[in-house]
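Here the structure is laid out as structure tokens; the discussion comes afterwards.
These figures come from a predicted structure and were not determined experimentally.
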Amino acid sequence: MRYISWDWFLYVLIGFVMGGGAVYLWTYLKEKAVTLKWFEWILIVLSFLIVMFLGQTFIASLQEGEPQAAWMSVLFMGLPLVVLAVVAYRSISARMAK
């Protein structure tokens, strides 16, 4: 009997979580009647793309048996992700407080 890999399920789960987060963000912004500037949309989309790329790189590195490469990718891609997310959050929250 052929071995069936369930690795794809993790990607499906990540996709559902990311999609759910995007839908939640969209509905939250609609409820609060917040309009985002063009650069905030770019920051949010880049953050989502970096999260997806980071997850793929981390999982693939672990599957290849390279845990040090996996954690270094988290370090080198995670820091810019945190910076982008904080800049987007601070920009949106500062405008919402006005």
Side-chain angles (χ1 to χ4, degrees):
M1 180 169 191
R2 187 172 176 215
Y3 172 71
I4 298 174
S5 174
W6 286 92
D7 296 334
W8 61 269
F9 184 71
L10 185 59
Y11 296 116
V12 171
L13 187 63
I14 290 171
F16 277 125
V17 169
M18 296 291 290
V23 168
Y24 175 75
L25 176 66
W26 183 265
T27 56
Y28 178 78
L29 292 174
K30 288 283 189 183
E31 278 181 14
K32 299 291 183 182
V34 176
T35 57
L36 298 179
K37 304 250 184 215
W38 63 270
F39 61 90
E40 292 167 344
W41 280 112
I42 291 174
L43 291 175
I44 291 170
V45 169
L46 281 176
S47 296
F48 277 124
L49 289 175
I50 291 174
V51 164
M52 290 189 303
F53 184 66
L54 177 60
Q56 168 65 31
T57 305
F58 182 75
I59 292 169
S61 294
L62 286 180
Q63 287 178 344
E64 290 176 357
E66 297 289 341
Q68 184 177 5
W71 290 109
M72 292 300 282
S73 66
V74 168
L75 176 68
F76 287 115
M77 285 188 278
L79 289 177
L81 170 65
V82 169
V83 170
L84 281 176
V86 167
V87 167
Y89 174 76
R90 296 285 297 176
S91 175
I92 294 168
S93 63
R95 207 160 8 91
M96 284 178 65
K98 289 183 181 179

Residue pairs fulfilling salt bridge (charged side-chain N to carboxylate O under 4.0 Å, His left out) with at least one residue in [range], sequence neighbours excluded:
range: residues 68-94; value: none
range: residues 48-75; value: none
range: residues 36-51; value: Glu40-Arg95

How is the hydrophobic cluster of Tyr89 composed, in terms of its other members, when Ile, Leu, Val, Met, Phe, Trp and Tyr link through side-chain heavy atoms under 4.5 Å apart, directly or indirectly?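 Tyr89 clusters with nothing; isolated.
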
Linking Ile, Leu, Val, Met, Phe, Trp and Tyr through side-chain heavy atoms less than 4.5 Å apart, which residues share a cluster with Leu79?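 Other cluster members: Met72, Leu75, Phe76.
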
Applying ring pair (Phe, Tyr, Trp, His ring centres under 6.0 Å) to Trp26 and not counting sequence neighbours gives Trp41

Hey, could you give me the CG/OG distance between Leu36 and Ser91, rounded to the nearest 0.5 Å? 8.5 Å

Looking at CG of Leu43 and CH2 of Trp38, how far apart are the two atoms once the value is rounded to the nearest 0.5 Å? 9.0 Å

Cluster overlap [X] with [Y], hydrophobic side-chain contacts below 4.5 Å:
X: Val17; Y: Val45; result: no
X: Met52; Y: Ile59; result: yes
X: Val82; Y: Val87; result: no
X: Val86; Y: Phe48; result: no

Set of residues satisfying side chain to side chain contact (heavy atoms under 4.5 Å, CB included) with respect to [X], sequence neighbours excluded:
X: Ile50; value: Leu81, Leu84
X: Val74; value: Leu54, Phe58, Trp71
X: Tyr28; value: Tyr24, Lys32, Met96
X: Phe53; value: Thr57, Met77

Output every pair passing side-chain hydrogen bond (donor to acceptor under 3.5 Å, both in side chains) with a member in residues 45-56, not counting sequence neighbours, ordered by first then second residue. Tyr11-Gln56

Min side-chain heavy-atom separation Thr35-Leu29 under 4.5 Å: no

